[in-house]
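Counting convention: from 1, in listed order, for ligands and their atoms alike.
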Amino acid sequence: MTKSALQVARAGYKPQMPHVLNGNVTIKQGADTEAVRDKEEIQKLFPITYGRPIVQFVESSVPSKVDGPVNVGVILSGGQAPGGHNVIAGIFDGIKRLHADSRLYGFLLGPDGLINHKYKELTSDIIDEYRNTGGFDIIGSGRTKLETKEQFDKGLKILKKLGIKALVIIGGDDSNTNACVLAEYYASISAGVQVIGCPKTIDGDLKNEQIETSFGFDTACKVYSELIGNIQRDCNSSRKYWHFIKVMGRSASHIALECALQTHPNVCIVSEEVAAKEQSLNDIVDQIAGVIAKRAERGSNFGTVIIPEGLIEFIPAIKRLIAELNDFLAHNQDEFDQTPQSEKREYVISKLSEKNAAIYASLPENVARQLTLDRDPHGNVQVSLIETEKLLVEMVKKRLNAWAKEGKYTGKFAAITHFFGYEGRCAAPSNYDANYCYSLGYAASMLIATGKTGYMASIRNTTAPASEWIAGGVPITMMLNMERRHGEMKPVIQKALVDLEGAPFKYFESHRDQWAIETSYVYPGPIQYFGPTEVCDEPSKTLQLEQKGAI
Ligand code: FBP
């Protein structure tokens with residue numbers, strides 16, 4: 001395989017780890033824990049793994065004791081995120097340190113590989129090929145939901161056949177929820193297989209006090225911010241286009257907010273604020289058009305608008321509509337599928353409550369259709385398929401035309417739309433993600449060595465130099481609550497949305513009026529892998545604000 005010069009040089013990068021993981025470790029146990037909400041229901045559903053303590057690795061004078069090789073299976077689940085290969089490398093190096101004959105098996109294309117017994121052994125030559133690279137191609141990923149006893153039993157057969165002692169599931173909130181269910185099930189039948197989760201998702205919404213961030217967020221935001229910065233420099237040069245840039249993030253707006261903190265766009269919509277202020281689509285259009293009109297008065301008929309991918313679901317009226325659609329489709333999917341395409345819109349309108357039917361009817365044809373497309377296996381609307389950026393351009397254009405007729409707007413409006421998502425999900429991990437992921441993988445192997453199951457690997461204090469990071473594990477039951485999915489209440493990891501009282505949003509809020517009117521763009525440039533630490537190792541602005549209160 002031909003490699004770029006950067007790939008060759010980057011292969012030699014040695015990820016940094018918390019100092020403690022370089023030597024022998026033992027665990028320090030904290031107090032017992034509780035679920036974030038719905039404690040009784042969660043405890044009933046997870047009688048064995050519920051309430052276990054948070055653990056932290058501390059130095060030990062004796063090596064961790066393992067009775068023979070520690071064979072481990074690994075699954076990459078859900079959307080790609082930069083650094084996945086380093087998690088696997090960390091697990092590999094960790095279990096090899098525990099016992100030289102330990103083996104690592106990768107299940108292919110996500111949970112399907114476990115269920116259908118498709119796997120490959122990850123030997124040192126394969127691992128070395130993938131160190132510090134982006135992507136999940138070492139074993140591939142998939143979105144199959146691991147949830148039935150039949151799947152768990154089928155999986156157990158291959159785990160037993162390969163002598164696998166523990167399974168590491170690298171995934172987002174839904175996949176780690178499944179990891180927890182699987183851990184409980186295997187413990188309940190004394191299967192002798194531990195299950196450990198690792199927090200992955202560029203969306204940044206799998207975080208809490210113990211899990212500071214999900215891996216991939218840092219790199220993906222840096223890639224999008226580079227592109228947004230380049231666009232800003234372009235529009236500041238030609239001064240004739242408004243760029244509407246949608247950025248990924250299925251639900252929460254962490255990516256949009258981080259990109260705004262890095263680039264200072266003229267507008268950034270934060271879905272959580274839209275929900276809190278109960279804004280309608282019209283309010284959002286007014287807000288954007290207002291900034292465009294004000295800049296036009298200053299002769300600036302150009303600018304940037306960042307739109308979070310999940311926006312549509314946060315507009316309260318549309319959220320209520322989607323909730324009803326989800327329930328309706330969960331129970332009537334066959335009838336809906338059999339309805340001829342040309343009659344689908346009327347069919348849906350006839351089945352919805354009066355209020356939601358009116359909203360559905362008011363949506364442009366393509367957006368209405370996109371809202372009824374297949375849910376992903378976790379029951380989520382596939383928001384990345386909804387072209388909100390185009391919808392907003394159309395609506396803003398109409399609003400500006402109306403204002404022009406009333407003499408309230410005299411500018412010129414020419415818009416270009418972009419959607420940045422896939423551009424960043426497989427980028428070569430930044431130093432932050434390369435180190436964070438390798439440490440997560442290594443911590444996962446130490447959790448296995450200490451007999452834990454139903455835990456997520458955790459690395460904290462990550463705005464400090466890597467050697468000072470804190471490694472340990474968090475019981476996944478601690479992150480669960482009950483939510484409605486596919487029309488039923490299910491235990492799921494609570495998604496971390498943007499906190500409107502948190503330092504990252506507050507910083508944005510206090511600067512956005514100035515960024516709107518003035519041209520205060522920042523051009524972050526590409527991720528740097530070699531060079532001074534302030535250029536190469538800077539953690540995300542979100543983390544810096546959350547942990548240090550300043551950037
Ligand atoms: P995960 O939550 O699985 O990490 O996926 C994140 C994400 O990149 C979202 O931002 C996006 O909405 C979704 O995946 C797109 O998924 P797909 O590529 O499967 O359409």
Ligand 1 and Glu309, any nitrogen or oxygen pair closer than 3.5 angstrom? yes
Sub-4.0 Å heavy-atom contact, Gly249 with ligand 1: yes
Evaluating non-hydrogen atoms only, which member of Gln80, Lys495, Arg143 is closest to atom 5 (O) of ligand 1? Arg143
Nearest heavy atom to atom 15 (C) of ligand 1, choosing from Arg250, Arg425, Lys200, belongs to Arg425
Cationic tip of Lys120 above Tyr105 ring, under 6.0 Å, 45° of axis: no
Pick from Thr201, Leu76, Asp173: the one approaching atom 2 (O) of ligand 1 most closely through a non-hydrogen atom: Thr201
For Tyr422, atoms of ligand 1 separated by under 4.0 Å from a heavy atom: 15 (C), 17 (P), 18 (O), 20 (O)
Between His511 and His264, ring centroids under 6.0 Å: no
Should Glu147 and Arg485 count as an ion pair when the cut-off is N to O under 4.0 Å? no
Run the salt-bridge test on Asp327 and Arg484 with the 4.0 Å N-O cut-off and return the result as yes or no. yes
Check for a donor-acceptor pair, side chain of Gln544 on one end and backbone N or O of Ile551 on the other, with a separation under 3.5 Å. no
Can you check which of Gly79, Gly171, Ser77 brings a heavy atom nearest to atom 3 (O) of ligand 1? Gly79
Establish, from distance only, whether the side-chain atoms of Ser430 and Thr219 form a donor-acceptor pair under 3.5 Å. yes
Do ligand 1 and Gly78 have nitrogen or oxygen atoms that lie under 3.5 Å from each other? no
